[in-house]
Amino acid sequence: MTDFFKNIPAITYQGPAATTEFAFRHYNPDEVILGKRMEDHLRFAVAYWHSFAWPGGDPFGGPTLQRPWFGETMALARMKADVAFEMFDILGQPFYCLHDADARPEGATFAESKRNLDEIVDYLGEKQVTHKAKLLWGTANMFSHRRWMAGAATNPDPDVYAYAAATVKANMDATQRLGGQNYVLWGGREGYETLLNTDLKAERQHAGRFLQQVVEYKHKIGFTGTILIEPKPQEPSKHQYDYDVATVYGFLVEFGLEKEVKTNIEQGHAILAGHSFEHEIALAAALGIFGSIDMNRNDYQSGWDTDQFPNNHAEKALAFHEILKAGGYTTGGTNFDAKIRRQSLDPEDLILAHVGGMDTCARALKSAAAMIESGAIEAAIQDRYAGWNTPAARAMLAGGLEEAAARVTTENLEPEPRSGRQERLENLWNRFV
Ligand code: XLS
Ligand code: NI
Ligand code: NI
C-alpha cells in the first residue's frame, strides 16, 4: 500500500441525499435500468495517462502536479501501478485504459522499451488477478516522442513506419496478454501541417495499408477484442486524416475494413469537428461502426481539446439516449480520457473528478432510459415518418426517378409542411433530466 490516497474512503452509492462528497449520488452499480445493471450499461474505465502520467503543463507553463511516482525507472512505474490500482479500488469501476508510454519508462532502444513494457504488463496482470479493474483497451502512444513528429504510419520516412509497426505489434500483444477487450488507434500525428511538404495521397495509402496490417495481425494472433479508430479533426496535427466518424467510415470502406474496425468517439473531438457528441454516436450506430466512448469534453470557450471531466448531465443524456437506442456497448465502455485542471493538486481532486464524472454519466443514463421508457420521443419520430409506411412511398424507393416523379401528377400531390415540434420535444427532454 502507498499512502497517496490515505484517509480517502471507498466510494459507495448513498443516494442524492448523501451528506459526504465522497459518495455516489447517482451511480448505483447494481441498480437495474432497462433490464441491465448500471455497471454493465456504463462500463466505466479510468484513463491511466491523464490521471497518473500527466504533469499539469500547458502551452504557457510547465508541470504543476508533482507525483512521487514521476520519473523514468521501473521501480517508479511499479509505484504508479500500485497507486492506480488503489484508486481503482476506491472508485470500484470495472475497467482502465492505457498507452505503453503511460505505464513503462521509455528505453534507450526499442528493445529496452519493449522489455520495460513486458515487465510492467506482467505486473499489471498480477494486479488484475487480485483487484477488480480489468483492461478495457490498450493503445500505443505514437505522438509524444520526437520520432513521431511527422507521423507514425504516415511518416515520410519508411523506417518510422517500421517503428510504428513494431510499436503497435508490441502493444497489441500486451493488450491481448492483459485480456483487453479492445485495441484503440488514435492518430494524433497521422495528418499534416502544410501541403508544401506533404504527399497527402501517399500518406493516406500508407495509413490504410497499416490499418489492414493491424487487422491481419489481430486475426493471426486470435485477438478477440475490437479494433477501434478514434476520430479527431486536428490537434496536434493541423489536419488529421481521421477527421470525424463520416471521414473514418469512408476511409474504412476504401480499405475494405468497415466490417473489421469500429470507432471510439470522444465528446471533445466531436465538438472540434463541428458536430455534437450525439450526432457522432448516432452516425456511427447508423453505419454499424459504434464501438466505445471517451467521455471527456472541451471547454466551449477556449475551443481546445481540454479533456475536462463531464459535469453536464442534461447534455450527456442526449448522448446516452443515442447509445441506448444503438443497443448499448458490446466490447466498448465509457472511458474518462479526462484530466483534472492544472491547479487541482490534491489526491482528493483526482478522486472527486472521477466521482463527479461517474455520477454525471449515471444521471444521464437514468434520464436517457426514462426518455426511452416514456416512448414519447420515439412516438414523435414514428409519427413524423409515418408517411413512408404507405405502399406508394415504399414503391418510390424501389423504382426509378421517373416513377417517383409521376406520383406528383397521378396523385395530385401538393405537400403541406408540418411542424417539426422541436421546442415541444426539447421540453420533453428537459422533463426527464
Ligand atoms: C487525444 C486522444 C487520446 C486517445 C488515446 O486527444 O483523445 O487521449 O484517447 O490515444
Ligand atoms: Ni482527445
Ligand atoms: Ni481520447
Side-chain angles (χ1 to χ4, degrees), residues 43-55 57-59 95-104 117 135-145 148 151-154 164 167-168 170-172 174-175 180-191 207 210-211 214 225-245 248 261-275 277 280-281 284 290-300 302-310 319 332-340 357 361:
R43 294 169 59 86
F44 283 128
V46 169
Y48 214 85
W49 52 107
H50 289 330
S51 293
F52 304 107
W54 185 60
D58 75 6
F95 298 108
Y96 68 103
C97 301
L98 87 177
H99 306 86
D100 47 1
D102 313 330
R104 56 103 180 103
L117 180 66
L135 189 67
L136 182 67
W137 49 262
T139 187
N141 177 331
M142 299 196 296
F143 43 89
S144 294
H145 193 280
W148 310 119
T154 62
T167 303
V168 169
N171 278 277
M172 288 175 75
T175 301
Q181 299 199 15
N182 308 270
Y183 185 82
V184 167
L185 294 121
W186 169 64
R189 306 279 177 197
E190 308 293 32
F210 190 83
L211 193 55
V214 166
T226 310
I227 305 287
L228 300 170
I229 290 259
E230 186 174 322
K232 185 173 183 182
Q234 73 272 330
E235 201 193 65
S237 295
K238 180 171 160 58
H239 184 108
Q240 285 170 215
Y241 296 124
D242 52 5
Y243 196 96
D244 59 2
V245 168
V248 165
V261 177
K262 293 185 163 41
T263 46
N264 182 42
I265 300 171
E266 181 164 314
Q267 199 265 4
H269 297 184
I271 303 297
L272 276 181
H275 301 303
F277 189 27
E280 289 289 82
I281 297 167
F290 173 66
S292 203
I293 290 294
D294 276 359
M295 191 52 95
N296 39 309
R297 64 183 177 91
N298 288 2
D299 182 307
Y300 289 126
S302 77
W304 297 346
D305 185 11
T306 51
D307 294 323
Q308 298 186 232
F309 278 86
T334 308
N335 172 44
F336 293 110
D337 181 353
K339 319 198 242 296
I340 45 176
C361 292

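We count ligands from 1, going down the list as the structure has it; atoms in each ligand are counted the same way.
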Student: What do we get for D307 next to ligand 1 when only non-hydrogen atoms under 4.0 Å count, side chain, backbone, both or neither?
Tutor: neither
Student: What is the name of the N/O/S atom of D294 that is nearest to the Ni ion (ligand 3)?
Tutor: OD2
Student: Quick one: does any side-chain atom of E190 pair with a main-chain N or O of T154 as donor and acceptor, under 3.5 Å?
Tutor: yes
Student: Quick check: E266 and ligand 1, any N/O pair under 3.5 Å apart?
Tutor: yes
Student: Once rounded to the nearest 0.5 Å, what's the spacing between atom CZ of R297 and atom CZ of F277?
Tutor: 12.5 Å
Student: What N/O/S atom of D337 gets nearest to the Ni ion (ligand 3)?
Tutor: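 Of the nitrogen, oxygen and sulfur atoms in D337, the Ni ion (ligand 3) lies nearest to OD2.
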Student: Would you mind checking which non-hydrogen protein atom is closest to atom 2 (C) of ligand 1, with the distance to 0.1 Å?
Tutor: E230 OE2, 3.3 Å
Student: Using a plain distance cutoff, I'd like to know if K232 has any nitrogen or oxygen under 3.5 Å from a nitrogen or oxygen of ligand 1.
Tutor: yes
Student: Got a sec: is E230 within less than 2.8 Å of the Ni ion (ligand 2) via an N/O/S atom?
Tutor: no
Student: Quick check: do I229 and L211 have side-chain heavy atoms less than 4.5 Å from each other?
Tutor: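 Of all side-chain heavy-atom pairs linking L211 with I229, at least one is under 4.5 Å.
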Student: Can you report which non-hydrogen protein atom sits closest to atom 5 (C) of ligand 1, along with the distance?
Tutor: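 Nearest protein contact, heavy atoms only, for atom 5 (C) of ligand 1 is H99 NE2, 3.2 Å.
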Student: E280 pairs by side chain to side chain contact (heavy atoms under 4.5 Å, CB included) with which of T263, I265, V248?
Tutor: I265
Student: Yes or no: does E235 have any heavy atom under 4.0 Å from an atom of ligand 1?
Tutor: no
Student: Between D242 and W186, does the side-chain hydrogen bond (donor to acceptor under 3.5 Å, both in side chains) criterion hold? Intermediate values first, please.
Tutor: CA-CA 8 Å; D242 52 5; W186 169 64; 4.9 Å; no
Student: To which protein heavy atom is atom 8 (O) of ligand 1 closest, and what is the distance rounded to 0.1 Å?
Tutor: D337 OD2, 2.7 Å
Student: With rounding to the nearest 0.5 angstrom, report the CD1 to CG distance, I227 to N182.
Tutor: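 That separation rounds to 8.5 Å.
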Student: Does the side chain of F95 reach to within under 4.5 Å of the side chain of L135, using non-hydrogen atoms?
Tutor: no
Student: Quick check for you: with the Ni ion (ligand 2) as the vertex, what angle do OE2 of E266 and NE2 of H269 span, to 10°?
Tutor: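 Output for this angle: 80°, rounded to tens.
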Student: Can you find an N or O of H269 that's nearer than 3.5 Å to an N or O of ligand 1?
Tutor: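 The answer is yes, given that H269 and ligand 1 share an N or O pair closer than 3.5 Å.
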Student: With atoms numbered from 1 as shown, which atoms in ligand 1 lie under 4.0 angstrom from a non-hydrogen atom of D294?
Tutor: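 Once the distances to D294 are compared, the set is 9 (O).
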Student: For ligand 1, which atoms, with element, lie under 4.0 Å from some heavy atom of D305?
Tutor: 6 (O)
Student: Hey, which of V168, T226, L228 is the one that makes side chain to side chain contact (heavy atoms under 4.5 Å, CB included) with Y183?
Tutor: V168
Student: For the pair N296 (side chain) and F336 (backbone), establish whether a donor and an acceptor sit closer than 3.5 Å, ignoring hydrogens and angles.
Tutor: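 Checked: no pair found.
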